[in-house]
Number of protein chains: 2
Amino acid sequence: MLSNSSKYALKAVLYLTLHTDENNKMMAKDISEKISVPKAYMAKLLQGLAKREIISSTKGPKGGFYINPSNKNRTIMEIIEVIDGKKKMESCMMGLKDCNEHKPCPIHSIINPSRSKMIALLESKTINDLAKDLKLNKVFLPS
Amino acid sequence: MLSNSSKYALKAVLYLTLHTDENNKMMAKDISEKISVPKAYMAKLLQGLAKREIISSTKGPKGGFYINPSNKNRTIMEIIEVIDGKKKMESCMMGLKDCNEHKPCPIHSIINPSRSKMIALLESKTINDLAKDLKLNKVFLPS
DNA sequence: CAAAAAACATGATATTAATCATATTTAGGA
DNA sequence: TCCTAAATATGATTAATATCATGTTTTTTG
Ligand code: FES
Ligand code: FES
């Protein structure tokens, strides 16, 4: 439902939101250490996120990755989509071509209401929302 | 969240529930064709399900796989657990060691209520429940 | 009892996802 | 301007899933 890569990406984006801005950038290597993600893998993910403008980056000395104000308004779902693709979460869990009320699979009624709720929330919450919770110590980032 | 193998297993079990009993058994090959699952893979899955007594089987000519009355009371979750293992569905979606209210990850409050609901339903619905829906044409099995 | 038909057990291959490595480009500072 | 530090692009390796193949055991039937 959520790939490993998405988890790492989300962790990284939240970490960056808490600890960086235009004049406090951070290198891939350091981020990877802070959130315990393999560094080369982290770098690749961050590059992908930067390309899609989920996060910001600058090259060269004193460069690095960071979050600027417009980045903060991305929703959680946007991050997941960039990594896993749009439809992964919405596809039929039993393998029907498309998942809908009109021709539901046997577990559609079990899965779908909860999943829809979940998706709606992921689409409404921004990374800034979650960052606020983190600052208040209401929630915790995996080591 | 739900492996390919689990999907196939669930499809197969439901198909068997509709079309077999002690004196109407079915071979792996035929089941695989009916539900469009590669036959060797299907056979392996069915053997695993039989070993854990999710379905029944007999060897030799006129043998095959089938569902008996006691098999029918298994829950959907039991099938998923046999294939994917117990904890796969309950683990933290961001990678925290354990998922609980006491030390939640940033998306716990988004994910967990819906997921708990889903799990509870999967644990309460039996394959017989779903088979009834199928008979009434309320739901449909993937080709 | 012998032969054949089926599941069973086990291992091999292929595909995909995760991880690693490295050469290229860009930007800052001496 | 040249050196160096960083991201970027691209591809290679490894690990995990999914898929395939084959020999062994059990049971029915002639
Ligand atoms: S049709 Fe299968 S989950 Fe909706
Ligand atoms: S703590 Fe992460 S999903 Fe519950």
Side-chain angles (χ1 to χ4, degrees), chain A residues 1-13 16 20 22-33 35-68 71 80 82-85 88 91 95, chain B residues 1-13 16 20 22-33 35-68 71 80 82-85 88 91 95:
Chain A
M1 190 161 187
L2 210 70
S3 71
N4 226 320
S5 295
S6 288
K7 289 181 196 177
Y8 291 167
L10 189 47
K11 267 167 75 169
V13 171
L16 287 171
T20 69
E22 271 95 340
N23 21 297
N24 292 291
K25 296 161 193 164
M26 206 167 173
M27 292 189 291
K29 180 169 172 296
D30 296 326
I31 302 166
S32 78
E33 282 167 9
I35 65 178
S36 333
V37 170
K39 68 175 187 306
Y41 193 19
M42 184 79 277
K44 196 170 202 171
L45 285 172
L46 290 168
Q47 287 165 22
L49 291 168
K51 179 146 66 171
R52 313 289 198 99
E53 300 181 8
I54 303 287
I55 66 179
S56 306
S57 66
T58 57
K59 288 183 176 180
K62 290 286 163 188
F65 297 94
Y66 63 99
I67 295 282
N68 70 25
N71 297 142
I80 295 173
V82 161
I83 308 287
D84 289 348
K88 180 164 184 181
S91 62
Chain B
M1 187 160 190
L2 210 72
S3 71
N4 225 321
S5 295
S6 287
K7 290 181 195 176
Y8 291 168
L10 189 48
K11 267 167 73 169
V13 171
L16 286 172
T20 68
E22 270 95 340
N23 22 296
N24 292 292
K25 295 162 193 164
M26 204 167 174
M27 292 189 292
K29 180 170 172 296
D30 296 327
I31 302 166
S32 79
E33 282 167 7
I35 65 178
S36 333
V37 171
K39 66 175 188 308
Y41 193 19
M42 183 80 278
K44 197 169 201 171
L45 285 172
L46 290 168
Q47 286 164 23
L49 291 168
K51 179 145 65 171
R52 313 289 198 98
E53 298 182 8
I54 302 286
I55 65 180
S56 306
S57 66
T58 58
K59 289 182 177 182
K62 289 284 161 189
F65 296 94
Y66 63 100
I67 295 282
N68 71 25
N71 298 141
I80 294 173
V82 161
I83 309 286
D84 289 347
K88 181 163 183 181
S91 61

> Please determine whether a side-chain nitrogen or oxygen atom of S57(B) lies at a distance below 4.0 Å from atom OP1 or OP2 of dC8(C).
yes

> Would you work out how much the helix from dC1(C)-dG30(D) to dA30(C)-dT1(D) bends between its ends, with each end axis defined by five base pairs, to 10 degrees?
10°

> Could you check whether atom NZ of K39(B) has more than 12 heavy atoms from other residues, nucleotides or ligands sitting under 6.0 Å from it?
no

> For S6(A), enumerate each residue passing the side-chain contact (heavy atoms from CB on, under 4.5 Å) test, keeping only those at least two apart in sequence or located in another chain.
L2(A), S3(A), I80(A), I83(A), D84(A)

> Which atom pairs link the protein and nucleotides 26-30 of chain D when you take only N or O atoms and keep those under 3.5 Å?
residue	atom	partner	partner atom	Å
dT26(D)	O4'	K59(B)	NZ	3.3

> Grab the N/O contacts between the protein and nucleotides 10-20 of chain D below 3.5 Å, and write none if there aren't any.
residue	atom	partner	partner atom	Å
dG11(D)	O6	K44(A)	NZ	2.3
dA18(D)	OP1	N4(B)	N	3.1
dA18(D)	OP2	S5(B)	OG	3.4

> Please name the pair of heavy atoms, one in I54(B) and one in I67(B), separated by the smallest distance, quoted to 0.1 Å.
O-CD1, 4.3 Å

> Would Y41(B) and S32(B) count as having a side-chain donor-acceptor pair, cut-off 3.5 Å?
no

> Below 4.0 angstrom, which residues in residues 23-33 of chain B have at least one non-hydrogen atom near DNA chain C?
M26(B), M27(B), A28(B)

> For G63(A) and M27(A), which heavy atoms make the closest approach, and how far apart are they?
O-CG, 4.3 Å

> Going by the side-chain contact (heavy atoms from CB on, under 4.5 Å) test, name the single residue among I35(B), V37(B), V13(B) that passes it with Y8(B).
V37(B)

> Does atom CD (E22(B)) have a neighbourhood of more than 12 heavy atoms from anything else shown, all under 6.0 Å?
yes

> By ring-ring contact (aromatic ring centres under 6.0 Å, His included), which residues pair with F65(A), not counting sequence neighbours?
none

